[in-house]
Amino acid sequence: MKKIKLPADDSSCGWFEILPPEYRQHLSATTPVTHIEQTDWLVIGGGFVGTAATRRLAELNPEQRVVLVDAQKIGHGTSGRNSGFVIDLPHKGDLEGPDLQRKKKFIQLNRAAISYMEEKVNQYGIDCQWSHAGKLQGAVSERGVKFLEHFQHLLKELDEPYQMLNGQSLKDKVGTSYYEQALFTPGCILMQPAALMRGLLMHMPENVTCWENTPVLKLERAAGGKWVAKTAEGEIHAKNVILGTNIFTEQLGFLKSRMLPIMTFASMTRPLTDAEFEAYGGTTDWGLTPADHAGTTLRMTQDRRLIVRNQYRFVPNYGSHAEERSKIHDLHRHAMVARYPMLQNVPFENTWGGVCALSRNYTSFFGELESGLFASCCHNGVGAARGTISGKLLAELASGGDSELQRHMQEVSGMPALVPPQPFLGIGVRARLKLAEWQSRSEV
């Protein structure tokens, strides 16, 4: 069997490490796949796409069996390693261009994702710090302010509400005078991503079987038309397959050379003490993304943990090593102390990386790859909302359904552009990341 690259995530994801015991427990099938398993539906990948697709398939096909497999523990991969924003307003790339209706479709899809996720959070009482906190976009320098002004123009064009904060009002919110100004939009959700993923897994429909820590090493179509997923010790035979495998889709032989594996990094402090929180002087439960995309993302959680996210790396092997994370930890401390010198003695408990898939043409894939094989991937860093709603809609498409939202998803998706072969790809991407880092140095 041809060797493929598997998830190579580090073991220090802060979101996962702070989970309560009931969320960390083993929630999947207790024995590995050691023989031939038969199922109506197989979903590979238990991130935002895969969990949403699994649930919706089970709801739409209650008399059929649905199997979900993931190479890791669900919530320990990319879906549990992001900054915990579920955005309603797309990132700047999806808001550019003259097609106003296309932009509104992105917003409608994201808001449908938020509604669907919130319904499940409330239905099952998932404790994941789910909050209608909105989102800040912060600018440190004149360069960042210009990005904010452009974003403000796009919001006016879409007739979307926003508020510009600066001076004391901004400091009272985030506890620092480091930012020149920030633009607040009210529709973003903040949450604890690993807790959300584990909570969703705990409440799957009864016709779902899940295997965690079960990488699929090969996927092929058998002579009878069924799909065969081979694991280390067994096989899963399925009539239909949904891939929620994102960057790993090409490892299974599909969408090859169309996605760039980029890793971003975050560090999380322990909870602030009462004295530290008083010295900090801001509020809890807010999130700030940089006006300049290569800048620094910040979160202050409901339990007083400060999270710093910046630094981007091209990771063709999908992982990072301890020495690199140690250097990034120091860069994160520099960014934190620059903003919060009063917290210079507060340590980071965890520093981790998470890999995402980007495309050259800023395009995601959604649809049927081959007969009975469906995929949604390459969400360009907005996987919580886009992954969730695309997983739900993909299950509906695979089950023969049709809806306005499904058509919207098809209209705003396409084929990610081909990327150059190695070593040219690595040289080009690393050079582009270095240039972006240099251009955004005042915002980091």
Side-chain angles (χ1 to χ4, degrees), residues 43 45 47-53 55-57 59-60 85-117 119 151 153-160 185 187-189 240-247 249-250 254-255 258-260 356-419:
V43 180
F48 291 114
V49 172
T51 54
R55 182 179 304 279
R56 192 60 179 145
L57 285 173
E59 292 170 347
L60 293 171
F85 294 79
V86 190
I87 64 165
D88 63 330
L89 297 172
H91 282 192
K92 293 179 283 293
D94 288 333
L95 287 183
E96 300 294 344
D99 191 340
L100 196 63
Q101 293 307 309
R102 178 180 174 86
K103 298 174 190 180
K104 290 183 176 180
K105 289 172 184 175
F106 279 117
I107 295 171
Q108 185 180 359
L109 287 162
N110 288 342
R111 288 177 175 159
I114 289 172
S115 295
Y116 184 66
M117 296 167 85
E119 174 188 323
F151 188 47
H153 169 75
L154 295 175
L155 294 177
K156 287 180 177 179
E157 180 184 55
L158 290 162
D159 196 27
E160 289 288 338
T185 50
C188 179
I189 298 295
N240 300 282
V241 176
I242 286 182
L243 299 179
T245 43
N246 206 23
I247 192 66
T249 304
E250 66 177 14
F254 305 96
L255 299 176
R258 293 188 180 274
M259 290 178 274
L260 303 172
C356 63
L358 306 182
S359 60
R360 288 179 64 199
N361 57 349
Y362 210 82
T363 297
S364 303
F365 181 86
F366 172 89
E368 192 169 15
L369 287 165
E370 295 184 15
S371 178
L373 178 66
F374 302 82
S376 175
C377 59
C378 201
H379 301 125
N380 293 288
V382 291
R386 183 67 177 266
T388 296
I389 194 60
S390 68
K392 177 179 181 289
L393 295 174
L394 197 62
E396 294 173 1
L397 173 67
S399 300
D402 184 29
S403 67
E404 181 182 56
L405 273 182
Q406 184 179 305
R407 292 190 294 274
H408 285 352
M409 182 61 75
Q410 291 168 320
E411 290 163 7
V412 301
S413 302
M415 181 60 72
L418 286 168
V419 299

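A salt bridge links E59 with R56: the closest approach of a Lys/Arg side-chain nitrogen to an acidic carboxylate oxygen falls below 4.0 angstrom.
In this structure a side-chain-to-backbone donor-acceptor pair under 3.5 Å is present from S364 to C378. Checking side-chain atoms of N380 against main-chain N and O of S359 turns up a donor-acceptor pair under 3.5 Å. Remark: side-chain polar atoms of R360 are paired, donor with acceptor, to backbone N or O of L418 under 3.5 angstrom. Using modelled atom types, no side-chain atom of D94 and backbone atom of Y362 make a donor-acceptor pair closer than 3.5 Å. Looking at S390, its side chain does come within 3.5 Å of a backbone N or O of G387 through a donor-acceptor pair. A donor-acceptor pair under 3.5 Å is absent between the side-chain atoms of T388 and the main chain of A385, judged by distance alone.
Contact record, L154 with L95: CD2-O, 3.7 Å, taken as the closest heavy-atom pair. Of all non-hydrogen atoms in R111 and D88, the two that sit nearest each other are NH2-OD2, 2.9 Å. A pairwise comparison of heavy atoms in N246 and T249 identifies O-OG1, 2.7 Å as the closest pair. Nearest heavy atoms, A384 versus F85: CB-O, 3.7 Å. Smallest separation of non-hydrogen atoms from I247 and L260: CD1-C, 4.0 Å. Closest non-hydrogen pair, L57 versus S399, comes out as CD2-OG, 3.7 Å.
At a threshold of 4.5 Å between non-hydrogen side-chain atoms, the residues M117 and V86 count as touching. Side-chain contact between K392 and R55 is absent, with no heavy atoms from C-beta onward closer than 4.5 Å. Counting only heavy atoms from C-beta outward, the side chains of T245 and F254 never approach each other to under 4.5 Å. At a threshold of 4.5 Å between non-hydrogen side-chain atoms, the residues E96 and P90 do not count as touching. Here the side chains of L243 and V241 are in contact, with some heavy-atom distance below 4.5 Å. Side-chain contact between T51 and V43: absent, with no pair of heavy atoms (C-beta onward) separated by less than 4.5 Å. Annotation: side chain of Q410 is in contact with side chain of L397 (closest heavy-atom distance under 4.5 Å). A heavy-atom distance below 4.5 Å is not found between the side chains of I87 and I114.
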Requested in this report: Please test E368 against L373 for side-chain contact (heavy atoms from CB on, under 4.5 Å), starting from the C-alpha separation and ending with a verdict.
Outcome: CA-CA 6 Å; E368 192 169 15; L373 178 66; 5.8 Å; no
Query raised in the report: Given the rule in the side-chain contact (heavy atoms from CB on, under 4.5 Å) test, do F366 and V412 qualify, once you have shown the distances and angles that lead to the verdict?
Result: CA-CA 9 Å; F366 172 89; V412 301; over 6 Å; no
Requested in this report: Report the C-alpha distance between E411 and K105 in whole Å, list the side-chain angles of each, state the deciding distance to 0.1 Å, and finish with yes or no for salt bridge (Lys or Arg N to Asp or Glu O under 4.0 Å).
Outcome: CA-CA 9 Å; E411 290 163 7; K105 289 172 184 175; 2.5 Å; yes
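From I389, atom CD1 reaches atom CD of Q406 across 10.5 Å, with rounding to the nearest 0.5 Å. Separation of atoms CE (M409) and CG (L394) is listed at 9.0 Å; rounding is to 0.5 Å. To the nearest 0.5 Å, atoms CG (L369) and CG (L255) are separated by 5.0 Å. To the nearest 0.5 Å, atoms NE2 (H379) and CE (M259) are separated by 10.0 Å. Atom NE2 of residue H408 and atom OG of residue S403 lie 9.0 Å apart, to the nearest 0.5 angstrom. Residue N110 holds its CG atom at 11.0 Å from OG of S115, rounded to the nearest 0.5 Å.
Side-chain contact annotation: R258 with T363, donor-acceptor N/O pair under 3.5 Å absent.
Remark: D99 pairs with no residue by the side chain to side chain donor-acceptor pair (under 3.5 Å) rule, at least two apart or across chains.
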